[in-house]
There are 2 protein chains.
Amino acid sequence: MTSTRRQRTGPRGGDTRGDILRAARESFGEKGYDTTSMRAVARAAGVDVALVSYYFGSKDQLFAATMELPVSPSELIDRAFDAGVDEAGPRLVDTFLRLWDDPETGPAFVALFRSAASHEPSREMFAESISTAIVNRYATHLPDHSTRRASLAASQLIGLAVLRYIMKLTPVVEMTRDELVADAGPTLQRYLTGPLTD
Amino acid sequence: MTSTRRQRTGPRGGDTRGDILRAARESFGEKGYDTTSMRAVARAAGVDVALVSYYFGSKDQLFAATMELPVSPSELIDRAFDAGVDEAGPRLVDTFLRLWDDPETGPAFVALFRSAASHEPSREMFAESISTAIVNRYATHLPDHSTRRASLAASQLIGLAVLRYIMKLTPVVEMTRDELVADAGPTLQRYLTGPLTD
DNA sequence: GTCTATAGACGGATAGAC
DNA sequence: GTCTATCCGTCTATAGAC
């Protein structure tokens with residue numbers, strides 16, 4: 001042992017793979033897929049570029065690894081309906097915003113949305129996910145199983161997320177989660193159980 | 001005159017600048033800023049790459065030219081408030097959706113949004129536009145000039161646009177404009193003039 | 001496991017001939 | 001106005017030394 005080592009990067013006792021993954025999550029989340037380079041990820045993680053390929057193979061695979069969500073949306077939705085459909089509106093808003101606020105899960109959502117907006121295959125994945133895992137799941141909890149009600153609800157949630165986490169619009173980013181729940185909760189509730197046109 | 005000319009690209013009697021602009025609009029709209037290359041734009045327009053630089057200088061300037069909207073949002077907003085703030089909700093939804101449905105203006109909005117989602121300078125432009133031209137404009141028509149009310153309204157509109165025109169989610173794309181106006185109109189109305197928490 | 005070196009593409013932009 | 005040729009940069013990915 002006792003070898004003379006460069007001080008530039010060092011031998012890294014730590015979690016190299018994890019460091020890369022964290023850096024990638026952040027960069028994909030902030031800048032999107034194509035603006036993010038493996039070099040930049042490596043730099044942010046404090047590792048050599050070649051290690052990114054070494055651990056993840058390709059940029060696509062790195063991205064895929066980044067996208068794996070540590071949560072099950074279906075479960076969360078079910079739980080939001082636990083207290084009955086008549087109180088689900090605000091609870092859904094709260095659950096939804098918590099996911100985006102959470103530093104563990106938020107960046108993945110941002111990254112997912114960003115690429116869905118500019119990358120056709122991602123868009124299909126995204127639309128499919130929203131459709132089956134979210135909208136249809138909402139619908140199962142509704143008296144009339146209406147996907148129309150469910151997607152109206154989804155539209156309000158997505159709108160909040162876009163302004164707050166993607167576009168970072170001043171009044172919305174500055175509001176607290178509780179304020180948003182209080183303001184948008186009734187909207188969700190009306191979409192789910194209130195009177196709509198037919 | 002009467003010179004022998006190559007048939008590969010030809011002398012182009014037509015509107016070269018316009019052809020480039022149209023091709024760029026489409027590509028930026030479909031694929032976003034960085035996925036769009038000047039080479040691809042030139043190919044789609046049927047012109048030489050160098051002409052893109054010749055007419056627009058840089059990729060950034062080409063993009064900026066692409067983004068110029070043929071409508072004044074402020075005016076449209078004012079008109080939606082013509083019948084009084086108590087009926088503005090549904091009218092705003094209608095006006096907003098018409099803009100996105102219109103083949104003249106819709107593609108520019110899609111392009112604007114797409115690149116705003118993945119290109120930081122565009123995001124700033126977009127956020128700035130929404131903030132001043134939309135949210136603040138709404139606010140001037142409200143009794144309490146609340147930008148918070150205005151941005152909640154904006155969140156619902158943006159959410160509809162995202163699901164309908166960007167992500168193309170089945171239940172939402174299939175609904176008619178009138179249905180959406182009827183369903184989301186009351187939401188807007190409540191955000192503008194209804195009871196909110198403080 | 002970590003790094004150097006390099007191959008191989010592609011992109012933006014410019015100079016200059018026609 | 002249009003095109004050719006080219007410079008220079010950045011990127012992904014891999015081969016191979018340590």
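Within every chain, numbering begins at 1; the chains are lettered A, B, ... in the order of the sequence lines, protein sequences first and strands thereafter. Note that the coordinates shown come from a computational prediction; the quantities given were computed from them, not determined experimentally.
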| query | Does the ring-ring contact (aromatic ring centres under 6.0 Å, His included) test come out yes or no for A/Phe109 and A/Tyr165, once each step is laid out? | reply | CA-CA 9 Å; A/Phe109 281 99; A/Tyr165 306 99; 9.5 Å; no
| message | Between A/Asp82 and A/Arg79, does any side-chain N to carboxylate O distance fall below 4.0 Å? | response | no
| query | Quick one: is D/dT2 close enough that its OP1 or OP2 comes under 4.0 Å of any side-chain N or O from B/Tyr55? | reply | yes
| field | D/dG1 phosphate, OP1 or OP2, under 4.0 Å from B/Thr16 side-chain N/O | value |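 No, because none of the side-chain N or O atoms of B/Thr16 sits under 4.0 Å from OP1 or OP2 of D/dG1.
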Picking from [options], which would you name as closest to the side chain of [X]?
| X | options | result |
| --- | --- | --- |
| A/Ser58 | D/dC3, D/dA13, D/dC11 | D/dA13 |
| B/Tyr54 | D/dT6, D/dT2, D/dA13 | D/dT2 |
| B/Asp48 | C/dA13, C/dC3, D/dC3 | D/dC3 |
| A/Ala50 | C/dA13, D/dT4, D/dT14 | D/dT14 |

| Same apolar cluster: B/Val71 and B/Phe96, side chain cutoff 4.5 Å | yes
Rounded to whole Å, how long is the line connecting atom [atom1] of [X] with atom [atom2] of [N]?
| X | N | atom1 | atom2 | result |
| --- | --- | --- | --- | --- |
| B/Asp34 | C/dC10 | CG | P | 17 Å |
| B/Asp19 | D/dG1 | CG | C1' | 14 Å |
| A/Arg43 | D/dC11 | CZ | P | 7 Å |
| B/Ile20 | C/dG12 | CD1 | P | 14 Å |
| A/Met38 | C/dC3 | CE | P | 15 Å |
| A/Arg17 | C/dG1 | CZ | C1' | 14 Å |
| A/Phe56 | C/dT2 | CZ | P | 12 Å |
| B/Asp60 | C/dG11 | CG | P | 17 Å |

| Do you see a donor-acceptor pair shorter than 3.5 Å between the side chains of A/Asp60 and A/Tyr33? |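 Looking only at side-chain atoms, A/Tyr33 and A/Asp60 do form a donor-acceptor pair, the distance falling under 3.5 Å.
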| field | B/Glu120 vs A/Thr35 side-chain heavy atoms within contact, under 4.5 Å | value | no
| request: Taking the side chain as every heavy atom from C-beta outward, state whether A/Tyr138 and A/Leu92 have any pair of such atoms under 4.5 Å apart. | output: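 Of all side-chain heavy-atom pairs linking A/Leu92 with A/Tyr138, at least one is under 4.5 Å.
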| request: Hey, can you tell me if A/Phe113 and A/Phe126 have their rings parallel, tilted or perpendicular (30° and 60° cut-offs)? | output: perpendicular
| message | Any residue in residues 23-33 of chain A with a heavy atom nearer than 4.0 angstrom to DNA chain D? Just list them by number, or reply none. | response |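 Going residue by residue through residues 23-33 of chain A, none turns out to have a heavy atom under 4.0 Å of DNA chain D.
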| query | Contact class for A/Thr36 (heavy atom, under 4.0 Å): base, sugar-phosphate, or nothing? | reply |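 Sugar-phosphate, no base atom in range.
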| query | In terms of the nearest nucleotide of DNA chain D, which residue is placed more toward the 5' end: B/Arg39 or A/Ser53? | reply | B/Arg39
